[in-house]
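Heads up, the thing below is written out as structure tokens.
Within every chain, numbering begins at 1; the chains are lettered A, B, ... in the order of the sequence lines, protein sequences first and strands thereafter. What you see is a predicted model, and the numbers here were worked out from it, not measured in a lab.
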Amino acid sequence: MTGRHLITDAQNTWCPGCGNFSIQHTLKNVLTDLEQEGEDLDQIVLVSGIGCHAKIADYLDINSFYSIHGRAIPVASGIKLANRDLKVICCVGDGDAYAEGLDHLIFAAKRNIDITVIVHNNRVYGLTTGQYTPTSPHGFKGKSTPMGTLEYPLNPLELMLASGGTYIARGYTQKRDQLKSLIRGAIDHKGFAFVDVLQICATFFNMTSQYNPRVYPLQEYDRSDAGIACEKVREWDYNSDAPIALGLFYQRSALTFDEQFRHQSLHGKERQILIEEFLATRQ
Amino acid sequence: MTGRHLITDAQNTWCPGCGNFSIQHTLKNVLTDLEQEGEDLDQIVLVSGIGCHAKIADYLDINSFYSIHGRAIPVASGIKLANRDLKVICCVGDGDAYAEGLDHLIFAAKRNIDITVIVHNNRVYGLTTGQYTPTSPHGFKGKSTPMGTLEYPLNPLELMLASGGTYIARGYTQKRDQLKSLIRGAIDHKGFAFVDVLQICATFFNMTSQYNPRVYPLQEYDRSDAGIACEKVREWDYNSDAPIALGLFYQRSALTFDEQFRHQSLHGKERQILIEEFLATRQ
Amino acid sequence: MAQDVSVLVGGKAGDGINSAGAVVAQLLNSVGYHTCTYYEYPSLIRGGHNFAIIRGADHPVDVHRNMVDYVIALNMDTISLHSGRFHEKTVTVFNSDVVKAPGQGISVSAALTSENAPAIMGNSALIGAFASSAGIPWDTVSEVFNRHIPKGADINLRVARKGYDQVTAVHPINRIGDRRFSLISGNEAIALGLIHGGLSAYVSYPMTPSSSLLHFLAEHADRFGITVIHPENEIAVILMALGISYAGGRPAIGTSGGGFCLMTEGLSLAGMAEIPLVIVVSQRTGPSTGLPTFTGQSDLHFILHAGQGEFPRFVVAPGTAREAYAWSAVAMDIAGHYQVPAIILADKTLSEGTFSLDPVQLPEVPFRGPVLWDGSNTYHRYADNGSVVSHQAFPGTRGAVVKVNSYAHDETGITTEEAAIVAQMTRKRMRKAAHLAEAMEAYDTVITDGPVHAGTMLVCWGSVQGACTEAAHELGLRAVRPVVLSPFPEIRLKQALEGARRLISVEENATGQLAALLRLHGITVDTMVLQYDGRPLTPEMLVERLKEAGV
Amino acid sequence: MAQDVSVLVGGKAGDGINSAGAVVAQLLNSVGYHTCTYYEYPSLIRGGHNFAIIRGADHPVDVHRNMVDYVIALNMDTISLHSGRFHEKTVTVFNSDVVKAPGQGISVSAALTSENAPAIMGNSALIGAFASSAGIPWDTVSEVFNRHIPKGADINLRVARKGYDQVTAVHPINRIGDRRFSLISGNEAIALGLIHGGLSAYVSYPMTPSSSLLHFLAEHADRFGITVIHPENEIAVILMALGISYAGGRPAIGTSGGGFCLMTEGLSLAGMAEIPLVIVVSQRTGPSTGLPTFTGQSDLHFILHAGQGEFPRFVVAPGTAREAYAWSAVAMDIAGHYQVPAIILADKTLSEGTFSLDPVQLPEVPFRGPVLWDGSNTYHRYADNGSVVSHQAFPGTRGAVVKVNSYAHDETGITTEEAAIVAQMTRKRMRKAAHLAEAMEAYDTVITDGPVHAGTMLVCWGSVQGACTEAAHELGLRAVRPVVLSPFPEIRLKQALEGARRLISVEENATGQLAALLRLHGITVDTMVLQYDGRPLTPEMLVERLKEAGV
Ligand SMILES: Cc1ncc(C[n+]2csc(CCOP(=O)(O)OP(=O)(O)O)c2C)c(N)n1
Ligand SMILES: Cc1ncc(C[n+]2csc(CCOP(=O)(O)OP(=O)(O)O)c2C)c(N)n1
Ligand code: SF4
Ligand code: SF4
Ligand SMILES: [Mg+2]
Ligand SMILES: [Mg+2]
């Protein structure tokens, strides 16, 4: 299919002003570019968790696996392992990927499996109407913590760096051009690519006025230097008032998990013979 | 109970030469010291996962919760939340805490809940007879990876640092005195204390000859400096031939999760009245 | 003539339908009605169609009906999507800015402008108009607003007055009594029951339709002296709770089917290690993510058998808010006394519906209390001394070494592989099931309603009882319902069903899970009425389905 | 007279009892016997008592017996713990360095020293001695060693010869045939069946007694062209496998009860999204960690009902290695064809036991194959076009947008909350259960053995069939066994049980789970023989239990 519409007929139910629109729009543009460059969009698969963010699976008219809360990443890994020709993009939430299914994120990074993970990090559980997530700031008053959380947020970029991720970036839904280049870079990256997207939740946690004055684009440095990357990543801890760098923090190239498997496809008769050969060794 | 024996009648079934003996012995000595200093050992609780390491729950004659694979840490957290007077020590395996239940470890660190986690890190699944774990070196040939793993190990100390742990240390089963002081320090630390113990598995992964020439005690530095700690922690990545520092890498003091809860214990009649009062607001 | 009125309030998600519904229910409450409110909304935050149906009657009601007598329409969808619910005399009150319809239109924007009020208060104008059309005195409106919208009652009232004054009483709802009930949701009833039963900690990860239980308890944690924790996921939830229970706390946890899946390994641990725990599972339409904001009753067998291996469990499915309160307290007690997991099986209809509870006649709950170690003899956590359960002690108790264990263990809690001990400890655990079943004879485990000699009987479980009871009344049938599902009240149920010539099970699932459970206990259902589109059965729907089935 | 011999090999964990048992079995295999081997060991790595019982007979055998004719004792425990298994003529071969007993002692250390062999080869001396005492020709011993211990066969043989020469034939085991079977474990039979059924990837997290399936497939991944992955935990296992299946691979996963708990949420996803998946669950003694290296049959109802919501599933419990092979292949096919989860329910006895499989008469497995999109019309993943299943296409297929979804969805795979579509899609899914049940008529879903007119019949499931069949023979009873447990072969089972005056269920659990399942299908069991200490029933144990029950 070429020149396709890319948007399904499904009714869009995100709140007005929601940052998810921006991510969807950006992703659509990236896909359009890819198609114009000759990529076959039938080779793209979108995997999502459950949450507001995940509705993108209904909205984009491409192959999709709308999975369960917290578990998009192992699904994406399986897809890539079964068919290395596919480009696999995971859209996950911060509750999804940093709470319910954090281990999968870390292990995908550890394995350097060639998938792209885009975290719609609105720092709140949107769909379940506003509870704190692992990236909510200390003292966040959500429905499960009406007196304010007692915990400090995780810094997902730091965790990714510690886990062996080979492409680590942060975008912001109100910086679309940059977001587009970060997502495009992630898809083009061979290996595990991670983009934490600061996403505005218009209803439960609208951080626009906090983010806008603080965000700035990362300057040039050797992106393969883990030491510098670590320093940059630690500049803002998702809690303080520090400046918030946006951009690609770290990238290196390494063998991917999936490319190390030899794929053989055997057919009925071959299988039968191999089984008989094996059984002979046990006689 | 005082002056007690501390060892149950259960038959010990660790292999000869297993590093678990060393951890058990060290822990027993720490407990004996505590008791001599006037601590009431009835206030100590040991929580374990499942694996060779976990048998320590059968062997030490103290309160224990022999839980399930990967889940000791939330159990320990619950115990501490229910009774802050208890000292809660978690003995977990590397398969246990770094694979099956990694998220719990990270969240316990994030919350800075006041428990001690001792990881019996033999870098192999012992009890299930020798598969790779998240800290096995690249290319490890275990029963599930007979051709060698395709992944690089995680560095658990780096992960702990990224997760907000307030006491981060590494010991070695063949350096018992140091191990004792690290475990003691962990128990005395108010907040989440983490000790990764390089443990010899005599049967499936005996690293004695690799470790012995490489280990060295960490020199003095400001333990509350996360920057230096990070550098030290990254010196050895659980894969390379680098020197292996042992000791306390990082410590800082911070409010604990558990101390921020106000505990009230209401009795039947009080509850009844409060319920009625509440119901009146809904009339 | 019986007083029985229904009001529908509809609008977009984000329009405040929930609070409008709550105020309407309080208005009916204030004029002496028993009420119940059903909320239906899609799984999204803004937009989409939300509605509430508030029913008020001169007798207790647990279910809404299809037909409504009043409509409060915030948008056009409320008229067009629900036209099937209107009868000739249905009074329509609507926002004439956006709705064109016959009936009583008022301009919400005008009301807001004249009072200089924010858009969010628009509903008040329509509520005022409704109150007026229903002949509810202004004093009552004013009292309800002051009581239940304390923040900004004044300005809300001024807006409401605008609506009130534009409309005249069409079809008055008369005051029928002076008592006011307490309006609470099913989840709130569960929460209060848990508290009554001794709850010290609630641990939960949000999942519709259990989330409001978490929210309620978090909000009132200090009031009730409980610890509320929302951890990283459901696995952590159950394991934390088991840690709390082991250490002497009295925890409960809550979730829905998907989250419960992740708890099953911990459930089996609770069974093996004999650690008390109460689990609230509120069902929604499955499988998998399904319809997260719609109802269902398709997790019964899963709940009954979840977790590897065999161990006794208590499972109760309350059908009303009052039962939810009482049985939640009982579940806390049973879990603590028998050292078993106790599961409260609810569903979206019950959890999120709002009901009238009589605050001065709360159910009496007999408490057994935990069986505690008295400090004599050496403490063995799993002592098998002929009594029903081993005595509990908690770590920190002087002189007791408290060892619990997920492995097969001996009386001290130390791992064993010896065949004889394994078998003995299995029997010790299974024995609790028998004792529990016996103890259940003292409780109302089976609810019956309608003529004893009815040839046709309906059997159901959980919240669908509302529709069943009313349909049975209408058709002269008997309605029978097991409240406790494990241990299954076989004998009592058989007694209740004696004489039935035709037995019809009514369930909100696609396979007839209660019918299967009955078959297991030698009771054969002749006909199954199954509903599985996420919408709860109403009395009218059920009557129709029963008539189709030849009743 | 029937040829039927049993050999016990015992020693400490770490003594190499498994390989000794395997060699003894191969010796019997070499002289024409059908064999089966039972291994029993505690959950630890060194120390503790391990033993194997190898049985050889002139007819197929699936179960070991209590009494043994030969004992190979590596330590004293082997004599003292098993004395109840010895009869007058039992031949005892032992290591005289550490065992004092009547019989044929040989000094293992002397044998090793004289050949300058490492300690690990000590077993060879005893095996040699056993072979000699059993009159097995040296040529046969030499051939078996060369074939099955290729690494170091020479020196092992020299050590074995030392043992061989010190002992004389006491009680010869005669050659009874020239065919050799293939000796494989139950898990290996499952693995080969999965491969035969088209397996492309195996994903698993180690858990006894399923681990050897992972180990076997990992070892032979290249040989069979499959991808084998051991991820971070069981949740990742099932979700990865679903990703693989969605992308067109043909995955299977394996675990035991505790790991299966963690897969239940993914299972429900498979049901809702209609993604083919084969799950091997090998049971051990529960609940919770239980007895990890012992057997049990206590997860049946959990497996049948696991996962929130309702969806069809295929569940098969093979009773023999041959069945394990055949049904594993069928499970792959059924999962792929009907787009349902297919569960192979095994247990430790079957998984880890070793059995003789006839390599030239492998079972024929009829394959239906997946139902694939033919490229015409617009592709809709969940098209409800009257056929049994929607056509499958995989991402990467030109022209197909393949959308799968855990939410209630329409035919295109997009989320819907519309009542009519939800109900329709539920019916579409449930319809597969009916089709599957019909298809099952072509398979041997119920196995019967023994006289048709026996008044007393035994009914069982899974590996306990070995004991049941032999006990039934001995007592003249009929033994009946459903192999497929979902869809339940009710009609066929009722036919098989026709005429039974007394029906006895035999199960390795504490509640009688098959008996409950039968009751659900209108079949009443009169007596239950239950075994729940982790030790599998032997024919002798069962005969005794049946006699106690008045048979
Ligand atoms: C196992 C499980 N637990 C809980 C839920 C309920 N649930 C649905 S979405 C969600 C949170 C979504 O938060 P996030 O991932 O941040 O996504 P957002 O809505 O903010 O985009 C939760 C808890 C679920 N579907 N499954
Ligand atoms: C849910 C679950 N999955 C798998 C297992 C099987 N299992 C028991 S111990 C273990 C690994 C133990 O490894 P580790 O934690 O490193 O402990 P060690 O034996 O090395 O001390 C596994 C996989 C289990 N008990 N539960
Ligand atoms: S709740 Fe927040 S994240 Fe969800 S759709 Fe609305 S604005 Fe977006
Ligand atoms: S297998 Fe390894 S870890 Fe386990 S007891 Fe033996 S030496 Fe210790
Ligand atoms: Mg979010
Ligand atoms: Mg280990």
Give, as side chain, backbone, both or neither, the part of B:Leu86 having an atom under 4.5 angstrom from any heavy atom of chain C. side chain
Greater than 12 external heavy atoms within 6.0 Å of B:Glu37's CD: yes
Should B:Ile275 and C:Tyr325 count as side-chain neighbours, where that means a heavy-atom distance under 4.5 Å? yes
Pairwise distance OG1(C:Thr416) to CD(B:Gln11) - rounded to 0.5 angstrom: 10.5 Å
Under 4.5 Å, counting heavy-atom pairs only, tell me which of C:Leu357, C:Val228, C:Leu362 racks up the most with chain B. C:Leu362
Other residues, nucleotides and ligands only: do more than 12 of their heavy atoms fall within 6.0 Å of CD on C:Glu418? no
Find the one option among C:Pro251, C:Ala241, C:Ser356, C:Gly198 whose heavy-atom pairs under 4.5 Å with chain B are most numerous. C:Gly198
If every non-hydrogen atom of B:Ser64 is compared with every non-hydrogen atom of C:Lys403, which pair is closest and at what distance? OG-NZ, 3.1 Å
What residue among C:Leu239, C:Ile235, C:Leu242 forms side-chain contact (heavy atoms from CB on, under 4.5 Å) with B:Ile68? C:Leu239
C:Arg223 versus chain B, heavy atoms under 4.5 Å apart: side chain, backbone, both or neither? both
By a 4.5 Å heavy-atom criterion (distance strictly below it), what part of B:Leu60 contacts chain C: side chain, backbone, both, or neither? backbone
Hey, what do you get for CG (C:Leu192) to CZ (B:Phe278), rounding to the nearest 0.5 Å? 6.0 Å
Pair C:Glu188-B:Arg282, salt bridge (Lys or Arg N to Asp or Glu O under 4.0 Å): steps then yes or no: CA-CA 11 Å; C:Glu188 288 167 344; B:Arg282 292 301 182 80; 2.6 Å; yes
Where does C:Asn405 contact chain B at under 4.5 Å (heavy atoms): side chain, backbone, both or neither? both
Output the distance between atom CD1 (C:Ile414) and atom OG1 (B:Thr8), rounded to the nearest 0.5 Å. 4.0 Å
Which portion of B:Leu46 sits near chain C, non-hydrogen atoms under 4.5 angstrom: neither
With a 3.5 Å distance limit and no angle check, can you tell me whether B:Arg271 reaches the backbone of C:Leu199 through a side-chain donor-acceptor pair? yes
Pair count under 4.5 Å, heavy atoms only, with chain B: among C:Phe224, C:Phe394, C:Phe367, highest is C:Phe224
Segment of B:Ala76 engaging chain C (4.5 angstrom heavy-atom cut-off): neither
Choice from C:Ser245, C:Ser268, C:Ala236, C:Gly249 maximising heavy atom contacts with chain B below 4.5 Å: C:Ala236
Okay, B:Ala72 and chain C: the region with an atom under 4.5 Å from a heavy atom over there is neither
Could you report the tightest heavy-atom contact between C:Ala247 and B:Ala82, atom names first, then the distance? CB-CB, 3.7 Å
Side chain / backbone / both / neither for C:His196 at chain B, heavy atoms under 4.5 Å: both
Can you tell me which portion of C:Ala201 sits under 4.5 Å from chain B's heavy atoms? Options are side chain, backbone, both or neither. neither
Measuring only between side-chain heavy atoms, which start at C-beta, is B:Asn83 closer than 4.5 Å to C:Pro395? no
Under 4.5 Å from any heavy atom of chain C - which part of B:Tyr59: neither
B:Asp85 versus chain C, heavy atoms under 4.5 Å apart: side chain, backbone, both or neither? neither
What part of B:Leu266 is in contact with chain C, defined as an atom under 4.5 angstrom from a non-hydrogen atom: side chain, backbone, both or neither? side chain
Measuring from C:Asp358:CG to B:Gln283:CD, what's the distance to the nearest 0.5 Å? 8.5 Å
Are B:Ile50 and C:Tyr407 close enough that some pair of their side-chain heavy atoms sits under 4.5 Å apart? yes
Identify which part of C:His220 has an atom lying under 4.5 Å from any heavy atom of chain B, answering side chain, backbone, both or neither. side chain
Minimum heavy-atom separation for B:Leu81 to C:Met240, with atom names? CD1-SD, 4.4 Å
Out of curiosity, B:Tyr66 OH to C:Met272 CE, how far, rounded to the nearest 0.5 Å? 12.0 Å
Working note: C:Tyr246 + B:Val45, criterion side chain to side chain contact (heavy atoms under 4.5 Å, CB included); need CA distance, chi angles, decisive distance, verdict. CA-CA 11 Å; C:Tyr246 163 73; B:Val45 184; 3.7 Å; yes
